[in-house]
Amino acid sequence: MLDELCFGGAVDTEYRPKKVTIRAYLQLWRILGRLMGMAQGATQFCRRELFFELNGYDENLFMGEDVDFYWRLNRMAKRQSAKALLIDEVRVLPSTRRFDQWPLWRTLVWTNPLIVLLFRRSATCWKGWYNPTLRTSSDNIDSNRTA
């Protein structure tokens with residue numbers, strides 16, 4: 001059934017890294033994000049025409065483009081007396097490879113909202129987030145199976 005008042009939304013995320021301290025830290029950010037109306041891009045959705053009207057994800061952002069898109073979608077929905085949903089009945093379990101491999105201090109720096117806000121347009125700043133691609137031995141096994 002199509003809900004004309006629903007412009008789109010996101011599915012809640014739940015990170016489950018191996019390190020208890022990082023798991024607690026990310027859970028805290030998940031709660032704060034919910035209170036602040038943020039939704040990560042692990043699984044976002046919207047109506048096709050609205051995606052184009054909003055010009056999609058801002059490709060000039062190297063970090064936080066998913067949160068930016070959700071905020072713009074939410075603002076558009078509110079202006080038109082519609083809604084953007086955050087589905088929390090199910091949760092996406094994103095990969096935690098970075099958080100499992102990084103020390104706590106690095107996670108605290110790279111996920112700090114002030115750092116993200118100040119440097120989100122800097123490709124140089126986020127080079128360490130994207131390069132080198134983090135892989136585990138099981139990833140190599142899985143890719144060999146599909147090759």
For this session: Working to the nearest 0.5 Å, report the span between OH of Tyr15 and CZ of Arg91.
Result: 13.5 Å
Exercise. What closest approach, in Å, do Cys46 and Leu73 show between heavy atoms, and which atom pair accounts for it?
Worked result: CB-CD2, 4.0 Å
Exercise. For Glu53 and Arg48, what are the C-alpha separation, side-chain angles and deciding distance, and is it a side chain to side chain contact (heavy atoms under 4.5 Å, CB included)?
Worked result: CA-CA 9 Å; Glu53 191 173 332; Arg48 183 177 194 270; over 6 Å; no
For this session: With rounding to the nearest 0.5 Å, note down the distance linking CH2 in Trp71 to CE in Met38.
Result: 6.0 Å
Problem set entry | Check: Gln44/Tyr57 side-chain N/O donor and acceptor closer than 3.5 Å | yes
For this session: Give a yes or no answer on whether the side chain of Arg16 reaches the backbone of Thr96 with a donor-acceptor pair at less than 3.5 Å.
Result: no
Exercise. Do Leu32 and Trp110 belong to the same hydrophobic cluster, where Ile, Leu, Val, Met, Phe, Trp and Tyr are linked whenever their side-chain heavy atoms lie under 4.5 Å apart, directly or via other members?
Worked result: yes
For this session: Please answer whether the main-chain N or O of Met63 pairs with a side-chain N or O of Arg120 as donor and acceptor at a distance below 3.5 Å.
Result: no
Exercise. If you measure from CZ on Phe69 to CG on Asn55, what distance do you get to the nearest 0.5 Å?
Worked result: 10.0 Å
Problem set entry | Gln101 vs Lys19 side-chain heavy atoms within contact, under 4.5 Å | no
Tabulate below the donor-acceptor pairs under 3.5 Å that side-chain atoms of residues 74-86 make, not counting sequence neighbours, or state none.
{"residue": "Lys83", "atom": "NZ", "partner": "Asp3", "partner atom": "OD2", "Å": "3.1"}

Exercise. Could you state the interatomic distance from CG (Leu114) to CZ (Phe119), rounded to the nearest 0.5 Å?
Worked result: 8.0 Å
Exercise. Ignoring hydrogens and geometry, is there a side-chain-to-backbone donor-acceptor pair from Arg30 to Thr13 under 3.5 Å?
Worked result: yes
Seminar exercise, completed: Connected to Leu93, directly or through other members, by ILVMFWY side-chain contacts below 4.5 Å are none
Exercise. So, the side chain of Arg106 versus the backbone of Arg98: is there a donor-acceptor pair under 3.5 Å, distance only?
Worked result: no
Problem set entry | Interatomic spacing from CD1 in Ile115 to CG in Leu108 - rounded to 0.5 Å | 11.0 Å
Exercise. Linking I/L/V/M/F/W/Y whenever their side-chain heavy atoms sit closer than 4.5 Å, directly or via other members, would Trp105 and Ile22 fall into one cluster?
Worked result: yes
Problem set entry | Whether Ser122 side chain and Cys125 backbone form a donor-acceptor pair below 3.5 Å | yes
Exercise. Do Phe99 and Val109 sit in the same hydrophobic cluster, where Ile, Leu, Val, Met, Phe, Trp and Tyr count as joined when their side-chain heavy atoms come under 4.5 Å apart?
Worked result: yes
Problem set entry | Exam field: side chain Trp126 to backbone Val116, donor-acceptor pair closer than 3.5 Å | no
For this session: Mark yes when over 12 heavy atoms from residues, nucleotides or ligands other than Glu49 sit less than 6.0 Å from its CD; otherwise mark no.
Result: yes
Problem set entry | Distance, nearest 0.5 Å, that separates CZ of Arg23 from CG of Leu28 | 14.5 Å
Exercise. Do you know which two heavy atoms are closest between Asp12 and Arg34, and how far apart they sit?
Worked result: OD2-NH1, 3.3 Å
Problem set entry | Nearest non-hydrogen partners of Leu26 and Pro17, listed with the distance | CD1-CG, 3.9 Å
Seminar exercise, completed: Closest heavy-atom pair, Asp58 versus Arg72, reported as atoms and distance to 0.1 Å, is N-NH2, 3.9 Å
Seminar exercise, completed: Tracing side-chain contacts under 4.5 Å among Ile, Leu, Val, Met, Phe, Trp and Tyr outward from Val92 reaches Val11, Phe45, Ile87, Val90
